[in-house]
Amino acid sequence: MSAVKTILEKHPNAKRESLIPILQDIQESCGYLSREVINQVAEYIDLPAAKIYGVATFYNQFRFQPLGRYHVMICRGTACHVKGSKKALDMVVKALGIQPGQTSRDGLFSLGVVACMGACGLAPVVNINGEIHAKVTPKKLSGIIAEIRAKELSNAKK
Amino acid sequence: MFNIEIDGRNVQAGDGETILAVCKREGIKIPTLCFIEGLTPSGACRMCIVEVEGFPGLIPSCSYPVKEGMKIKTSTPKILNARRTIVELLLSDHPDDCLYCLRNGQCELQKLARDMDVKRLSYSKVKTKRPSDVSSPSIVRNPEKCILCGKCVRVCEEIQGVSAIDFIGRGCKAFVGTAFDSGLNVSTCINCGQCILVCPTGALTERSYVDEVAATLADPDKFVVVQHAPAVSVTLAEEFGVKPGKDVDGQMVAALRRLGFKRVFDTSFTADLTIMEEGSELVHRIKTGGKLPMITSCSPGWIKFVEQFYPDLLENVSTCKSPQQMLGALIKSFFAKREGLDPSKIVSVSVMPCTAKKFECQRPEMAVDYVPDVDYVLTTRELAQLFRRYGLELGAMTPDTADTPFGERTSAGKIFGATGGVMEAAVRSAYFLLTGQEYPEEKIPAVRGLKGHKEVKLKIGDLEVGAAVVSGLGNARKLLDEIRAGRKDIHFIEVMTCPGGCINGGGQPIGADTEAIKARLQALYQIDRDDSVRVSHKNESVTRLYKEFLGEPLGKVSHHLLHTHYKKREIKV
């Protein structure tokens, strides 16, 4: 919370035109925009929370849940699309029970969709915590997710 | 002024006018969906498109200003086709359940589909599923029926200064919702229902209690009584096709009795009582150096507003409950005792021009000893629905009068239904309380009319009293900010949540324009002109109630039953 306060102090006498820069700074520092933070910003720049939520949901860049321990980014660029990334995405949505932009309730996975990672030769591409998985298929991806879950489960038991 | 050409005719137009405004003046009806007179045009729905010579595309007339020499066409085949396509596209993601929709017959989208000759579903797609929000006791939102015209968003922000709702998301995934997409009940929504009045479809409706009231009327173990607010009798007839401005008080009372209500009471009676209590409170505050300006407390949307946004001014708000709650409390105490009835057997229904009253009657402050003052609130629209369901022809009723002991009213109580009415009634009685003489003027023109912010300085005896009347909470905001900043020349403020007061309440008949609101206003003024008793302190039933039960204004019994206190309300969702 004090991090947010520091950010707000960097925008003295902020009006509505400072809203997006403030939200960007907060997301960069906190990783996402929580309810508390949005209410805090609302009070600070005297804008209704509904308005701020409306603006923030308009842009893909803002998240409303913290990232999961594993952040899955699926490329939906043209090359990956042609190579079947839609099927991979559908599979992940089903397996994790979340939509792009959301985080699973156990906090393990979050899901994102990106337009192109510049690795079209390896399409379809999935990036999990910075690690690139090339030429994924639903089957391959399902194996990766199962592996992560098993690893986390055995870590938790220790 | 300069010349422009519309559909081949030369027409005079002024600087700053929109194409739509000029067309309206010239008798050319251009269909609109998202347009609201007097508010910032959004140009979102594109229904009002016209062709302008020299312009490549079609121009939204609601937001485009006229220029000298402009040549406009309003109904070429290109325009008509485009309009039809717009309706077809809206219908492609709109439920096809008109038969079961509360707005069936009053829906602007339905009407446009007919006007534009939409005969079939031209674009089929899987319709978006989104759950309804039934969390509020006042308003139900069905986002599937929403066509994203944004009228509700603009009214909530620009008229009411609340902004409980806004557009969420983007593109085909956009919808109208509250902050964090929470329920309306935990949002900053003040339940005023102005959004319902402007919604072109059934996406926003009142939370209906028609079924509950019908069921209780059929229950022989219940003693069901009803009260009706001052502004209902002058608008109800519109629901049955009568033109605005007709008072049907007597016929409405007769029809209510036919429905099976054991007693029909008039909320204007407790409006008179409110004046005695609130007037005394004002005099008391002035004489003892209490908190001023005193602000009225009859309008429940306003109460939630002040709790949320101006908690520092809560001490300025009168402690009087609203007339609805006062009457509710009296029915289950004084009346129950007098008739030898068990208060828990009494079901107290009220008919209000208001959706916020539904919220108000559920507030914990509004139950004396855990018995709710009022059980169900119906809007004017729901009452009309009840009459239709029971086959009651309002026009065929022989006028009747409300029941004792809460049936007698003065016209001072009746004009509560319009902005400025409470002020006028209060001044008439406060003048008498302070000087012992009747207020010399027939009316106070400065507080009459539909203007959102009215002020007047009045001489009452030796006192110079500054009075302000605001309606529409956006107007209230401006005045309250001045008070916060230290303005001292105002002593008494009347605040009505809805623009124009209860005659334009969120529970009133749909589709009223400014002319209709004016006609409703005139109907109330007419009653005030014609009435023989025009001051609350001469209401004999009120006098008797004080003698037999309440003692004196601001007395112990009044304090217990008729007054309350409000607390700061957290606006963080």
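So that the names make sense, note that chain A is the first sequence line, chain B the second, and so on, each numbered from 1.
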Query raised in the report: Hey, are Asp93(B) and Thr128(B) close enough side-chain-wise for a donor-acceptor pair under 3.5 Å?
Result: yes
Report task. Might you work through the side chain to side chain contact (heavy atoms under 4.5 Å, CB included) test for Phe109(A) and Val72(A), ending with a clear yes or no? Result -> CA-CA 7 Å; Phe109(A) 292 101; Val72(A) 182; 4.0 Å; yes
Query raised in the report: Checking heavy atoms, do the side chain of Thr178(B), its backbone, both or neither come under 4.5 Å from chain A?
Result: backbone
Query - Interatomic spacing from CG in Asn316(B) to OG in Ser297(B) - rounded to 0.5 Å - result: 12.0 Å
Query - Top contributor to chain B interface from Pro48(A), Ala50(A), Ala42(A) [non-hydrogen pairs under 4.5 Å] - result: Ala50(A)
Query raised in the report: Is any NZ, NE, NH1 or NH2 atom of the basic residue among Glu158(B) and Lys151(B) found under 4.0 Å from an Asp or Glu carboxylate oxygen of the other?
Result: no
Query raised in the report: Taking Val92(A) as the fixed residue, which of Val136(A), Leu111(A), Ile144(A) is the one that meets the side chain to side chain contact (heavy atoms under 4.5 Å, CB included) rule?
Result: Leu111(A)
Query raised in the report: Under 4.0 Å between a Lys/Arg side-chain N and an Asp/Glu carboxylate O for Arg149(A) and Glu152(A)?
Result: no
Query raised in the report: Do we see a donor-acceptor contact under 3.5 Å between the side chains of Gln102(A) and Gln65(A)?
Result: no
Query raised in the report: Taking non-hydrogen atoms and a cut-off under 4.5 angstrom, which of residues 164-177 of chain B neighbour chain A?
Result: Ala164(B), Ile165(B), Asp166(B), Phe167(B), Ile168(B), Gly169(B), Arg170(B)
